[in-house]
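Some notes on the structure that comes next.
Residues: numbered from 1 along the sequence shown.
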Amino acid sequence: MDKKKIFIVVFFLAAMAAAGVGLKMYQADSEPVYEKMDYLHVLFQGEEISALYDDGQKLWVGLKDGLRTIHRETGEPLEVIDDSITLIYASEIGESFDGLVWCGHNDGVSAYTKSGEKVLTFSAPQIPEGRVNAVLPVEDGVWVGCMTGAAFLTKEGGQWQVERVVGTTSGLTEECVSIIRKNGAELWFGMYLCQNEGGLCILKGDEWTYLTMDDGLAHRYVNSLVFLDEDTCLAGVGHTLYGGLNLLKRTPEGWKVTRTWSSAEGLPGNKVRFLFCTRDGRMIITTEMDGMVICERPPDEGAEAITGLYLVQGNGLADNEVKCIAESDACLWLGCKTGLTRMDKT
């Protein structure tokens, strides 16, 4: 190779190296600097938090290594309730009419006294097979949503038993039930890991109605539901990078999707992970990978964009994925993928 060609090659490599260094410096310089919030405190650093429940005396925490309780204001550890169960991803804890605390986990659902004694467990084949994702105590029993259907548990003659099982052969569009909510005389089932239509299955009496992407849902995976009143619902939907927040309204023709927001309209990210309405009326919208936003009030049809206080791990959250929330008198508890965040009320 002659000297001229050598010079051109050396110059080209040097230019590429300089450009690479310049890009790296630019990326480093352009990384956002977050303000650390002194009202955010992380507990259980590195541990996945899958369910939370405040019983008015203590906070129940569902983790990968079991169920435990902590002080509902400070987070001081209290008791290890059950280290024989495992919770991953998202589940729920709730209290039935007789004062038992029910916790969904990988092998079914278990019930405990307030003092922490395990009194019963339902698992397959009593209830549909797989992890229990949803636990909904109602006036006369407990609904549980599983990976392969849902079941209704009732107490007869002092004994809890399975009264009904619901699946794809009896009205659901898919097997995996991620959430169950009651709205007046209606039961709403949110679908997840859907192969076909997914969306929402609404049961009233013996009649089923459905809402899918064909009806305007932003995604067929439903992650969270909050009813603002009997005629208005917010639905958080999505998977990984896709999804959004849907506003649903009851009309004379049935439930309709009337508004959709995505990251282009102010959501921190497109997959809405969890929705929570605080006691003072604020709406918390969390996402899969992009933190959360606290809105002064739930968005309505007139809201062109989602606005509020945005919080991410850089501000002091344990993780950008907030999967569950509980509220006590002095703080909010945010269950994250890698830790529990106490958010002091200010």
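- S328 and E73 share a donor-acceptor pair across their side chains, judged by distance under 3.5 Å alone.
- Remark: F44 pairs with no residue by the ring-ring contact (aromatic ring centres under 6.0 Å, His included) rule, at least two apart or across chains.
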Please determine whether side-chain hydrogen bond (donor to acceptor under 3.5 Å, both in side chains) holds for the pair W160 and D98, giving the CA-CA distance in whole Å, both sets of side-chain angles, and the decisive distance to 0.1 Å. CA-CA 11 Å; W160 281 92; D98 59 353; 2.9 Å; yes
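- Summarising the geometry of I127 relative to A151, their closest heavy-atom pair is CG2-CB, 3.9 Å, with the distance given to 0.1 Å.
- At least one donor-acceptor pair closer than 3.5 Å links the side chain of T286 to the backbone N or O of F274.
- Other residues, nucleotides and ligands contribute only 12 or fewer heavy atoms inside 6.0 Å of the CD atom of E129.
- Looking at T121 and S123, their side chains never bring a donor and an acceptor atom within 3.5 Å of each other.
- Side chain of T287 to backbone of K271: no donor-acceptor contact under 3.5 angstrom is found.
- Contacts of E95 classified as side-chain hydrogen bond (donor to acceptor under 3.5 Å, both in side chains), with partners at least two apart in sequence or in another chain: Y53, K114.
- With ring centers used as reference points, H219 lies 6.0 Å or more from Y242.
- Between the side chains of D54 and W333, no donor-acceptor pair of N or O atoms lies under 3.5 Å.
- Residues L40 and N315 share a closest heavy-atom pair of CD1-O, 3.5 Å.
- R342 and D344 are joined by a salt bridge, as a carboxylate oxygen and a charged side-chain nitrogen come within less than 4.0 angstrom of each other.
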Side chain to side chain contact (heavy atoms under 4.5 Å, CB included) between V61 and T69, intermediate numbers included: CA-CA 6 Å; V61 183; T69 55; over 6 Å; no
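- Side-chain atoms of N223 come within 3.5 Å of backbone N or O of V272 as a donor-acceptor pair.
- When all heavy atoms are compared, the tightest approach of A134 to S178 is CB-O, 3.8 Å.
- Checked for salt-bridge contact, E186 and K204 miss the test: no charged N lies under 4.0 Å from a carboxylate O.
- Heavy-atom contacts from other residues, nucleotides or ligands closer than 6.0 Å to CD of E301 number more than 12.
- By the 6.0 Å contact criterion, OH on Y310 is enclosed, its count of non-hydrogen atoms from other residues, nucleotides or ligands being greater than 12.
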Show your reasoning for whether side chain to side chain contact (heavy atoms under 4.5 Å, CB included) applies to I294 and M343. CA-CA 12 Å; I294 305 177; M343 182 176 180; 3.4 Å; yes
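- A side-chain N or O of K249 and one of T232 form a donor-acceptor pair less than 3.5 Å apart.
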Verdict with reasoning, V312 to D290, per side chain to side chain contact (heavy atoms under 4.5 Å, CB included): CA-CA 7 Å; V312 295; D290 303 286; over 6 Å; no
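- Side chain of E175 to main chain of T148: no donor-acceptor pair is present (N/O by atom type, distance under 3.5 Å, no hydrogens or angles).
- Between F97 and W102, a ring centre-to-centre spacing not shorter than 6.0 Å is recorded.
- Without hydrogens or angle criteria, Q45 side chain to G339 main chain gives no donor-acceptor distance under 3.5 Å.
- Remark: of the listed residues V132, V165, V177, V132 is the sole one forming a side-chain contact (heavy atoms from CB on, under 4.5 Å) with C146.
- R282 pairs by the salt bridge (Lys or Arg N to Asp or Glu O under 4.0 Å) definition with D280, not counting sequence neighbours.
- In summary, R259 and E304 engage in a salt bridge, as defined by a charged side-chain N under 4.0 Å from a carboxylate O.
- Heavy atoms only, all atoms of each residue included: I180 and L136 are closest at O-CD2, 3.6 Å.
- For the residue pair T86/H105, the side-chain donor-acceptor check at 3.5 Å is not satisfied.
- Of the possible polar contacts, one joining the S91 side chain to the G104 backbone as a donor-acceptor pair under 3.5 Å is found.
- Side-chain N or O atoms of N183 include one that pairs as donor or acceptor with a backbone N or O of E230 at under 3.5 Å.
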Is there a side chain to side chain contact (heavy atoms under 4.5 Å, CB included) between D65 and L87? Walk through the geometry before answering. CA-CA 7 Å; D65 61 354; L87 284 79; over 6 Å; no
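- Here the side chains of T260 and L247 are not in contact, with every heavy-atom distance at 4.5 Å or above.
- Heavy-atom minimum distance, F189 versus A150: CE2-CB, 3.9 Å.
- Checked for salt-bridge contact, R250 and D231 meet the test: a charged N lies under 4.0 Å from a carboxylate O.
- Between the side chains of N133 and R131, at least one donor N or O lies within less than 3.5 Å of an accepting N or O.
- Other residues, nucleotides and ligands place no more than 12 heavy atoms under 6.0 Å from the NZ atom of K64.
- Without hydrogens or angle criteria, S170 side chain to G167 main chain gives a donor-acceptor distance under 3.5 Å.
- Salt-bridge check for K323 with E48: passed, with a basic side-chain N closer than 4.0 Å to an acidic carboxylate O.
- Counting all heavy atoms, side chain and backbone alike, L225 lies closest to A235 at CD2-CB, 3.7 Å.
- W60 and E79 share no donor-acceptor pair across their side chains, judged by distance under 3.5 Å alone.
- Here W188 and F227 bring their ring centres to under 6.0 angstrom of each other.
- Looking only at distances, a side-chain donor or acceptor of Q313 sits under 3.5 Å from a matching main-chain atom of A318.
- Within a 6.0 Å radius of NZ in K58, more than 12 heavy atoms belonging to other residues, nucleotides or ligands are found.
- For the pair T251 (side chain) and W255 (backbone), a donor-acceptor distance under 3.5 Å is absent.
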